Amino acid sequence: MGPPQDHSYKRRRIDADETPHSGRQPSSLSAASAKPARFKPTAARDWTISVAVPTSVITDCVTREQRTTWAGRIARACAVFSVDEIVIYDDSPVESRPASTDHEGYTGDVDPAHFLEHLLNYLETPPFMRKILFPMHPNLRSQGLLPNLDMPHHPYKGEWMPYREGLTLEAQPKGGKGTVVDIGLEDTVTIDEELPPKTRVTLKMPVGEYGSPEPVHPAVPRTEGGYFWGYTVRKAATLSDVFTQSPYEEGYDLSIGTSERGQSLHRAFPEHKEANFTHLLVAFGGPRGLEYAAMNDPELSKIGIHGPRTKELFEHWVNVLPNQGSRGIRTDEAMLIALTGLRRLWDNS
């Protein structure tokens, strides 16, 4: 199993006003009778893919709608390529940042890291939970522009998955023991464990018709079942914090920085060269590149890491599209190009 990860956003308190049905395992959940999901498991894996994206990708946006669609493009790229962690790092000058921000109000123009974190977490959450987990907020006013991610933990009602996300309810289960959980179906289920109400949980579903679902760590569908199970989101105050605050005990053992001044992916990773890693990080710059983020990082400035020396932070410094036909490649475009080229490092199917 992979190292512990911060899934605090998956355990937010909610209010439930629906009266649950019987906690008995309904027949529609049976692996034999339900429609199998289109997602097929791969080999169980403890390795992870992380991407780092700067706040400057939305600082030049003029409208709420533009900022919202940017968050959707980031989330969509990460979902398609089964990215496990998204790091939003602030690459703005430290002195330009507000001393405090009201997170109850709209933050897209004053705290872009909070805005992106808010929307990315919203998109990662199974749709049936969003209305309760994410109450009305100015950041979500244009949520209708966001794409559908359709990840494995967002199954359709009639699909069978060996794991499922659920939301604990306040109602008393039959028999008085255990916890009632809403899993997005017509019927709720009951788990044997007693958990606080208003909690998001990952459940391993029973194969038999009347078994009890079992709460598991959110990483278990990936580390034991071989399913991509969404991404986590964290904020980093600077580029260096992307590394120093890694949730993995040993940090990232393979890091790749993207820059138009780097070498091509083909040269950095020849076809015959295998990449062995446990935790891979791919860092993207904003309109002014990773060098701009390093210039605005006080810790990196202390050790002289800026400008051309920014590449020293990474094992590989790559240009995802040499000889490009446009003066610049947007970060969302670079993500799609880079992850397409790098995918063979972890999936050679």
Side-chain angles (χ1 to χ4, degrees), residues 1-7 9-11 25 28-51 75-86 120 123-127 129 148-166 181 183-185 189 191 200-209 211-233 246-250 252-254 274-282 339-349:
M1 182 182 297
Q5 302 180 42
D6 180 10
H7 292 272
Y9 77 94
K10 291 189 176 183
R11 298 187 290 275
Q25 176 78 9
S28 61
L29 294 179
S30 169
S33 60
K35 177 183 177 181
R38 70 177 304 275
F39 296 101
K40 304 299 180 184
T42 60
R45 61 180 177 94
D46 59 2
W47 51 266
T48 62
I49 307 297
S50 300
V51 300
R76 184 68 186 166
C78 291
V80 168
F81 287 96
S82 303
V83 169
D84 303 295
E85 181 196 32
I86 305 176
L120 291 172
L123 281 165
E124 189 280 338
T125 301
M129 299 184 187
N148 189 349
L149 300 190
D150 264 344
M151 294 183 285
H153 66 301
H154 296 185
Y156 297 148
K157 286 189 175 183
E159 288 183 331
W160 164 260
M161 287 288 289
Y163 300 92
R164 208 166 185 114
E165 291 296 288
V181 183
I183 57 172
L185 298 177
V189 298
I191 57 177
R200 177 177 168 180
V201 294
T202 301
L203 300 178
K204 183 176 182 179
M205 303 303 293
V207 177
E209 189 173 356
S212 295
E214 173 191 357
V216 295
H217 189 279
V220 165
R222 167 176 58 83
T223 59
E224 296 184 10
Y227 289 96
F228 168 58
W229 210 246
Y231 53 74
T232 60
V233 186
S246 170
Y248 310 114
E249 186 175 353
E250 301 297 327
Y252 304 104
D253 54 348
L254 179 59
E274 293 186 3
N276 296 316
F277 64 87
T278 302
H279 302 296
L280 167 66
L281 170 69
V282 185
L339 293 173
T340 298
L342 293 170
R343 189 170 185 265
R344 65 177 178 82
L345 300 183
W346 62 85
D347 187 342
N348 57 9
S349 59

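Sequence positions, counted from 1, serve as the residue numbers for this chain. Keep in mind that what you see is a predicted model, and the values were worked out from it rather than measured.
A search for side-chain hydrogen bond (donor to acceptor under 3.5 Å, both in side chains) contacts involving Y252 returns E85, R234, not counting sequence neighbours.
A 4.5 Å side-chain heavy-atom check between V189 and L203 finds at least one atom pair inside the cut-off. Contact of the T42 side chain with the F228 side chain is not registered, since no non-hydrogen atoms from C-beta on lie closer than 4.5 Å. Annotation: side chain of E224 is not in contact with side chain of V216 (no heavy-atom distance under 4.5 Å).
Closest heavy-atom contact between W229 and P218: CD1-O, 3.8 Å. What you find for T223 and A44 is that their closest heavy atoms are O-CB, 3.2 Å. Annotation for D150 and F39: closest pair O-CZ, 3.1 Å, computed over non-hydrogen atoms. Across all non-hydrogen atoms, the minimal contact from P213 to P215 is O-CD, 4.0 Å. Across all non-hydrogen atoms, the minimal contact from S82 to R45 is O-NH2, 3.9 Å. The minimum heavy-atom distance between M161 and P152, with the atom names listed, is CE-O, 3.6 Å.
Ring pair W346/W47 is tilted by interplanar angle, where 30° to 60° counts as tilted.
Judged by distance alone, with hydrogens and angles left aside, the side-chain atoms of R76 form a donor-acceptor pair with the main-chain N or O of N148 at under 3.5 Å. For the pair Y231 (side chain) and L120 (backbone), a donor-acceptor distance under 3.5 Å is present. Under a 3.5 Å cut-off, the side chain of D253 and the backbone N or O of H279 do form a donor-acceptor pair. Formation of a donor-acceptor pair under 3.5 Å by the T202 side chain with backbone atoms of H217 is not found in this model. A donor-acceptor pair under 3.5 Å is formed between the side chain of D84 and the backbone N or O of I49.
V83 pairs with exactly one of T232, V282, L280, V51 by the side chain to side chain contact (heavy atoms under 4.5 Å, CB included) rule, that one being V51.
With rounding to the nearest 0.5 angstrom, the OG atom of S212 is 10.0 Å from the CE atom of M205. The CZ atom of R222 sits 6.0 Å away from atom OG1 of T48, with the distance rounded to the nearest 0.5 Å. Remark: T278 OG1 to Y248 OH distance equals 10.5 Å, nearest 0.5 Å. To the nearest 0.5 Å, the span separating CE on M151 from CG on L123 amounts to 7.5 Å. Taken from SG in C78 to CG in L149, the straight-line distance is 9.5 Å, to the nearest 0.5 Å.
A donor-acceptor pair shorter than 3.5 Å can be found between the side chains of H153 and E124.
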